There are 2 protein chains.
Amino acid sequence: MARPSRFDTDQLLDAAVRLAAESGPAGVTMSAVAKQVGAPSGSVYHRFAGRTALLAEVWLRTVERFQESWFAVLGGDPDPRRAGAAAARHTVAWSRAHPQEAALLLYGAADFARAEWSEEHARRADEGHRRVRAALAGLAAALGAEGPAAAERVSVAVIDLPLSLVRRRLRAGEPLPAHTEDLAEECTAALLG
Amino acid sequence: MARPSRFDTDQLLDAAVRLAAESGPAGVTMSAVAKQVGAPSGSVYHRFAGRTALLAEVWLRTVERFQESWFAVLGGDPDPRRAGAAAARHTVAWSRAHPQEAALLLYGAADFARAEWSEEHARRADEGHRRVRAALAGLAAALGAEGPAAAERVSVAVIDLPLSLVRRRLRAGEPLPAHTEDLAEECTAALLG
DNA sequence: CCGATTATAGAGACTCCTCTCTAATATTGT
DNA sequence: ACAATATTAGAGAGGAGTCTCTATAATCGG
């Protein structure tokens with residue numbers, strides 16, 4: 001029906017992930033992506049309406065890939081303490097398996113021009129956010145934790161703490177020490193009490 | 001001896017802090033700083049050799065201001081558990097008192113073009129880093145924690161965890177909830193065991 | 001083989017930023 | 001008053017990045 005494409009969307013997003021991991025969101029420019037895959041800049045604009053759309057797509061594809069596996073792990077154990085600890089371990093393991101994507105997630109959506117996203121992109125981001133909040137609220141309820149401070153403590157234990165453990169290494173492009181998964185599990189368990 | 005200056009170094013760095021807190025390191029451009037204080041760009045170049053030097057100075061001034069108070073708090077209690085918890089509480093309190101500077105510190109030196117800094121700037125950064133590592137090693141020793149995993153756990157408890165507690169709010173430009181200092185102290189105490 | 005369709009290809013306008021350079025200006029010591 | 005000096009003031013060259021626009025190329029159904 002038409003000319004076959006040499007550069008498809010995922011290939012361009014893969015290049016964007018590499019650039020983001022290496023130089024941060026600022027390094028994700030249309031011309032840098034084009035150069036990485038050997039395409040002219042026009043081909044990148046053929047796939048993405050503009051730089052804002054590219055940033056939104058690379059962020060959302062990455063965060064949705066992570067969340068998919070994270071929800072599965074969190075829901076895999078009926079005991080809330082074990083589920084929380086397993087989710088923390090999973091965050092570290094996933095970061096080890098996907099260091100570039102994990103390095104990208106250490107930035108925030110704001111660094112990927114979230115303020116300028118289209119309605120559709122913003123909606124996707126909100127949806128993911130909503131599901132995470134709901135999962136954490138469920139966990140907090142199962143733990144019998146009450147009040148906003150307790151909810152925040154759960155959120156820190158399950159999400160922010162494992163991210164802290166991997167942040168420095170990923171930013172530096174270094175591999176994670178072997179014991180990091182265990183450390184995440186222990187610390188999260190300690191905070192869930 | 002000479003014409004008095006309308007724009008001094010601290011005034012320009014203050015503007016850089018505001019810009020970094022608002023738009024991240026990418027927003028700290030020579031022209032943006034000049035515009036903030038109402039100066040022509042030439043006046044900014046009169047104070048700083050280039051953008052790299054400005055980024056280094058704003059990062060170092062901020063991190064050194066924070067560390068100065070942090071060391072005082074950490075060294076203020078001979079009991080290592082209480083000292084660690086107090087340091088965690090202090091990080092939150094300092095962030096509440098200096099939200100823009102704290103928002104800047106949530107980025108890393110790498111985001112402030114650390115790779116391109118002058119020797120002198122790099123040396124200042126290394127010195128601060130070294131002092132922090134030494135303080136944490138002292139704390140770990142006083143706690144009887146042995147091995148790299150235990151050292152990392154102390155470092156997470158005293159540094160990364162309180163930063164996690166303030167990260168989301170500071171990035172969003174929101175004020176910290178009232179209970180955050182208590183939460184930091186509790187979580188750090190829980191991790192120090 | 002032809003027309004429709006979908007891509008690639010890349011030139012070029014436009015904007016924003018960095019940095020340099022020259023000129024003008026205000027203050028101090030003599 | 002005058003020289004010396006530190007600083008403001010701002011024009012403008014040069015580079016990087018975004019985005020638009022036109023031309024060209026490859027594939028498929030008929």
Side-chain angles (χ1 to χ4, degrees), chain A residues 1-59 107 110-118 121, chain B residues 1-59 107 110-118 121:
Chain A
M1 227 235 254
R3 176 176 181 171
S5 53
R6 286 183 55 201
F7 313 105
D8 70 4
T9 303
D10 274 325
Q11 186 182 1
L12 297 176
L13 291 180
D14 290 343
V17 167
R18 284 194 295 275
L19 289 165
E22 198 172 310
S23 322
V28 184
T29 69
M30 299 301 260
S31 35
V33 169
K35 199 181 205 176
Q36 271 257 332
V37 301
S41 73
S43 294
V44 185
Y45 280 93
H46 183 68
R47 301 285 174 184
F48 301 99
R51 185 173 179 247
T52 298
L54 171 67
L55 291 173
E57 297 270 358
V58 72
W59 171 265
Y107 293 94
D111 297 311
F112 285 78
R114 160 95 203 224
E116 298 157 37
W117 288 2
S118 70
H121 286 142
Chain B
M1 225 227 260
R3 174 175 182 171
S5 53
R6 286 184 54 200
F7 313 106
D8 70 5
T9 302
D10 275 325
Q11 187 183 359
L12 297 175
L13 291 180
D14 290 344
V17 167
R18 284 194 294 276
L19 288 164
E22 199 173 310
S23 324
V28 183
T29 69
M30 299 301 260
S31 36
V33 169
K35 200 182 206 175
Q36 270 258 333
V37 302
S41 74
S43 294
V44 183
Y45 280 93
H46 183 69
R47 301 285 175 185
F48 301 99
R51 182 172 179 249
T52 299
L54 170 68
L55 290 173
E57 297 271 356
V58 71
W59 171 265
Y107 293 95
D111 298 310
F112 285 78
R114 160 93 202 224
E116 299 157 38
W117 288 2
S118 70
H121 286 141

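Note on naming: letters A, B, ... go to the chains in the order of the sequence lines (proteins, then strands), and numbering restarts at 1 for each one. These numbers come from a predicted model, not from an experiment.
- Along DNA chain C, the nucleotide nearest to Gly42(A) and the one nearest to Ser5(A) differ in position, and the one closer to the 5' end is contacted by Ser5(A).
- Put simply, the side chain of Ser41(B) and the base of dC19(C) share a donor and an acceptor less than 3.5 Å apart.
- Summarising the geometry, the separation between CG on Leu54(B) and P on dC17(C) is reported as 14 Å, rounded to the nearest angstrom.
- Using a 4.5 Å cut-off on side-chain heavy atoms (C-beta onward), Asp111(B) and Tyr107(A) make contact.
- Contact between the side-chain N/O atoms of Arg6(B) and the OP1/OP2 oxygens of dA26(C) is not found at any separation under 4.0 Å.
- With rounding to whole Å, Leu19(A) atom CG is found 14 Å from dG17(D) atom C1'.
- Within the 4.0 Å cut-off from OP1 or OP2 of dA7(C), not a single side-chain nitrogen or oxygen of Ser43(A) is found.
- Taking atom CZ of Arg47(A) as the reference point, atom C1' of dT18(D) lies 19 Å away to the nearest angstrom.
- Remark: Trp117(A) CH2 to Leu55(A) CG distance equals 8.5 Å, nearest 0.5 Å.
- As rounded to whole Å, 7 Å separates atom P of dT8(C) from atom CZ of Arg3(A).
- Contact annotation for Pro4(A): backbone-only contact, meaning every heavy-atom pair under 4.0 Å involves sugar-phosphate atoms and none involves a base.
- Regarding Lys35(A), its NZ atom lies at a distance of 20 Å from the P atom of dT8(C), rounded to whole Å.
- The side chain of Ser31(B) places an N or O atom within less than 4.0 Å of a non-bridging phosphate oxygen (OP1 or OP2) of dT18(C).
- The CG atom of Leu12(B) sits 8 Å away from the P atom of dT8(D) (whole-angstrom rounding).
- Considering only heavy atoms from C-beta on, Arg47(B) comes within 4.5 Å of Ser5(B) through its side chain.
- Note on ring orientation: taking the six-membered ring where Trp is involved, the planes of Phe112(A) and Trp59(A) are tilted (angle from 30° to 60°).
- What separates CE of Met30(A) from P of dG12(C) is a distance of 21 Å, to the nearest Å.
- The side chain of Phe7(A) lies closest to dT8(C), out of dT8(C), dT8(D), dT20(C).
- From Leu19(B), atom CG reaches atom CG of Asp14(B) across 11.0 Å, with rounding to the nearest 0.5 Å.
- Closest to the side chain of Pro40(B), out of dG10(D), dT18(D), dT18(C), is dG10(D).
- For the pair His46(A) NE2 and dT20(D) P, the interatomic distance rounds to 14 Å; values are reported in whole Å.
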